[in-house]
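Read through the structure below, which is laid out as structure tokens, and then see the notes.
Start at 1 and go down the list; that is how both ligands and their atoms are numbered.
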Amino acid sequence: MQRLVIFDLDNTLVDRQGPLADWVSAFSAQHALDDDARLRLLQFVRERACPETFEAIRNQYGLAPSAATLWRDYLAHMARSVTCPAHVLEGLSMLRRAGWKVAIATNGTSEIQNAKVAGAGIADHVDAVCTSEAAGVRKPEIVIFEKAAAACGVDLAHGGWMVGDGVDTDIHGGSAAGLRTVWISGGRPWPGGDTAPDHVTTDVLQAIDLLLTTPSRGHRDGF
Ligand SMILES: [Mg+2]
């Protein structure tokens, strides 16, 4: 199996939940939203946020700023708030020094996902970033994994690894794409389903350590 690893971005390499909660708090205070409105606001952006989301938010709350302005403010907040721990960045560099191709496959618009990758300092530590907008399909569609591999100059048909916190998007999708999988549990129990992950780790650093040490365990996975 070739040394290709594809990482998810949100809540895998970076924590999205914390910066998102901070944004909801700040936005609610700025626009004097009550507790019910604040809960609905979180529901608007919890799964994904894109320019159209802010059209809906503007209409819902009768806000004066344009949807484009609201989107740009959200984009700026997330880009400056999302961080990747230094030891994870170092882990990505160690993988590349060990001969791994390192890609990110992430669902979302290119504008915000690339802004987060740059803002968190990840861009220089990976070979490629493939967003669902750029790929034209979202995870768990196999095409996005193929495009992430191709962006690294390798062929998905030769295998690799998918690392992420998403059960369907990352684990079921990665497995269907022929990849071995590491599920980032964050302490959650595996919910079951058709395809179990090959490995479960609490966080992404443990997953990186697993990849770095697996070849020295006697090549049991066919490295
Ligand atoms: Mg995720």
Quiz item: Does atom CD of Gln17 have more than 12 heavy-atom neighbours, drawn from other residues, nucleotides or ligands, at distances under 6.0 Å?
Solution: no

Quiz item: If you look only at pairs with a residue in residues 107-127, which of them pass as a side-chain hydrogen bond (donor to acceptor under 3.5 Å, both in side chains), with sequence neighbours excluded?
Solution: Asp10-Gln113, Asp10-Lys116, Trp71-Glu111, Arg72-Glu111, Ser93-His125, Arg96-Asp127, Thr106-Gln113, Ser110-Thr131, Ser110-Glu133, Gln113-Lys116

Quiz item: Taking the Mg ion (ligand 1) as the centre, how many protein N/O/S atoms fall inside a distance shorter than 2.8 Å?
Solution: 3

Quiz prompt | With sequence neighbours excluded, residues passing side-chain contact (heavy atoms from CB on, under 4.5 Å) with Glu141 | solution = Val137

Quiz prompt | Spacing of CH2 belonging to Trp183 relative to OG1 belonging to Thr201, to within rounding of 0.5 Å | solution = 10.0 Å

Quiz item: Which residue pairs pass the side-chain hydrogen bond (donor to acceptor under 3.5 Å, both in side chains) test with at least one member in residues 35-44, sequence neighbours excluded?
Solution: Ser25-Arg38

Exercise. Assign the ring pair Tyr74 / Phe54 to parallel, tilted or perpendicular, where the plane angle (0 to 90°) is split at 30° and 60°.
Key: tilted

